[in-house]
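Quick notes on the structure that follows.
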Amino acid sequence: MHTELRPIFLYALFSGFFISAPASHANEVRNTQPYMFGIVPQQSATRLAKIWVPLLERISQKTGVPLEFATAKDIPTFEACLAKGAYDFSYMNPYHYTTFHKLSGYQAFARQADKKLRGLIVVKKDSPYQSLQDLNNTAIAYPSPAAFGASVIPRAEMKKLNMTIKPSYVKSHDSVYRSVVAGLFPAGGGVLRTYGNIPDGLREQLRILYKTNAYTPHAFAAHPRIDQKHIDTIMQAMLVLSKENSNLLKPLGMQGFETAKNADWDDVRSLNLSDGHTKIIKDDRITCHSG
């Protein structure tokens with residue numbers, strides 16, 4: 001019997017009242033279902049909805065292209081839904097992008113401006129560990145095998161140092177940070193953006209032990225079924241919002257957006273990561289639905 005894992009979808013359905021939609025886009029507005037915008041579940045679904053819905057709502061208002069916020073219950077389920085092309089648009093990590101560009105045809109159109117992605121290894125503030133090598137032969141918490149900044153890069157760099165670690169996957173960045181604070185693991189993997197977004201009281205109990213090398217950050221990508229005119233319209237709205245509304249971007253830990261092309265992620269491809277290393281999920285038995 002096939003196992004069915006149901007992703008959690010949270011929706012912000014935007015009405016037909018697009019106060020900022022230019023008249024030239026009047027014929028571009030979809031008259032059917034809004035586009036589903038899938039966000040990688042680095043944090044809890046509630047937290048993601050709080051910080052992403054205002055931005056997607058504003059883009060919808062400016063363009064007349066209705067968008068729905070969506071996420072999944074965990075990163076493996078999110079990966080399976082990308083493999084099936086379940087999301088019309090998506091914000092996905094760099095390795096996800098290189099994988100699902102090839103597998104599902106997702107095409108990057110934007111990324112965070114003036115930013116490189118670095119992974120982190122965090123420990124409790126009073127931890128005795130002072131260097132990455134001090135963690136040799138320990139158990140380390142990661143969000144998932146294919147979480148690029150928080151898991152893939154740190155594990156690859158530890159391997160180069162001939163370190164032996166026991167990875168434990170706890171489903172989200174928030175779970176990593178909380179697990180380390182609770183003393184369940186001596187250390188855990190994360191990224192600067194999510195580390196900066198956790199509550200102050202939690203972050204004050206942690207210390208960054210190590211930062212990885214830097215790579216091209218997460219991709220905003222569209223499925224090939226999406227009309228290029230809609231992609232261009234959304235991209236232009238994101239560029240405008242980068243200049244006029246920092247209040248929408250600050251909760252995301254971003255200062256702006258810039259256009260992107262597929263080749264921007266060649267630094268990730270150069271790592272020659274295998275599915276065996278990342279354990280990325282492509283299980284077509286997982287059901288992605290909107291109900």
Side-chain angles (χ1 to χ4, degrees), residues 20-22 24-25 28 35 37-40 42-43 48 51-65 67 69 71 82 87-102 104-120 147-150 152-153 173 191-197 211-224 226-271:
S20 300
S24 62
H25 296 310
E28 301 296 330
Y35 286 127
F37 209 121
I39 306 298
V40 61
Q42 294 175 312
Q43 299 172 280
L48 289 176
I51 63 179
W52 281 97
V53 165
L55 174 65
L56 297 181
E57 182 178 23
R58 185 61 179 148
I59 294 172
S60 293
Q61 291 172 340
K62 292 187 74 68
T63 63
V65 180
L67 303 173
F69 168 84
T71 192
L82 287 174
Y87 305 118
D88 300 308
F89 292 90
S90 183
Y91 176 71
M92 63 184 81
N93 82 37
Y95 183 66
H96 285 158
Y97 175 67
T98 61
T99 298
F100 296 112
H101 169 74
K102 183 176 180 179
S104 308
Y106 281 99
Q107 181 64 47
F109 62 90
R111 59 188 176 101
Q112 185 177 352
D114 302 320
K115 181 70 176 182
K116 288 286 189 177
L117 177 64
R118 290 182 181 271
L120 305 176
F148 184 71
V152 173
I153 303 176
H173 290 226
V191 297
L192 281 170
R193 190 181 65 81
T194 59
Y195 182 75
N197 283 343
K211 294 182 181 179
T212 72
N213 292 325
Y215 293 85
T216 304
H218 288 47
F220 290 89
H223 194 273
I226 307 304
D227 190 323
Q228 186 61 46
K229 292 181 179 179
H230 287 173
I231 298 171
D232 293 342
T233 298
I234 289 171
M235 178 69 258
Q236 290 303 313
M238 291 172 66
L239 293 177
V240 170
L241 287 172
S242 294
K243 299 178 180 179
E244 73 177 24
N245 202 326
S246 61
N247 289 335
L248 289 175
L249 303 185
K250 186 175 180 180
L252 301 175
M254 301 182 189
Q255 294 184 348
F257 306 112
E258 62 186 17
T259 57
K261 58 185 184 300
N262 182 52
D264 292 346
W265 283 269
D266 284 349
D267 59 342
V268 177
R269 295 182 177 97
S270 70
L271 293 172

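This chain uses plain numbering: 1 for the first residue, then up along the sequence. All heavy atoms count here, side chains included; hydrogens, waters and symmetry mates do not.
Under the 6.0 Å cut-off for aromatic ring centres, Trp52 and Phe37 do not qualify, their centroids lying 6.0 Å or more apart.
Of the possible donor and acceptor atoms, none in the side chain of Tyr106 sits under 3.5 Å from a partner among the backbone N and O of His96. A donor-acceptor distance shorter than 3.5 angstrom exists from the side chain of Ser104 to the backbone of Leu82, with no hydrogens or angles considered. Within the 3.5 Å criterion, the main-chain N or O of Leu252 finds a donor-acceptor partner in the side chain of Arg193. Put simply, the side chain of Thr259 never gets that close to the backbone of Ala110: no donor and acceptor are under 3.5 Å apart.
Side chains of Arg269 and Tyr97 form a contact here, defined as non-hydrogen atoms less than 4.5 Å apart. Looking only at side-chain heavy atoms (C-beta outward), Ile51 and Gln43 come within less than 4.5 Å of each other. Contact check for Thr212 versus Arg118: side-chain heavy atoms found under the 4.5 Å cut-off. The side-chain heavy atoms of Asn197 and Gln42, taken from C-beta on, include no pair separated by under 4.5 Å. Counting heavy atoms from C-beta on, the side chains of Leu55 and Leu241 come closer than 4.5 Å.
Listed by chain and residue number, Arg111, Lys116, Asp264, Trp265, Asp267 satisfy the side chain to side chain contact (heavy atoms under 4.5 Å, CB included) test with Thr216 (two or more places apart in sequence, or in another chain).
Phe148 and Tyr215 have perpendicular rings, their planes meeting at more than 60° on a 0 to 90° scale where under 30° would count as parallel.
Ala108 and Ala219 make their closest contact through CB-CB, 4.3 Å (heavy atoms, listed as atom of the first residue, atom of the second, distance). Minimum heavy-atom separation, Leu248 to Pro54: CD2-CB, 3.7 Å. Here the closest non-hydrogen pair linking Val268 and Pro94 is CG2-CB, 3.7 Å.
The residue from Phe257, Tyr95, Tyr91 that alone fulfils the ring pair (Phe, Tyr, Trp, His ring centres under 6.0 Å) condition with His218 is Tyr91.
Remark: Ile234 CD1 to Lys229 NZ distance equals 14.5 Å, nearest 0.5 Å.
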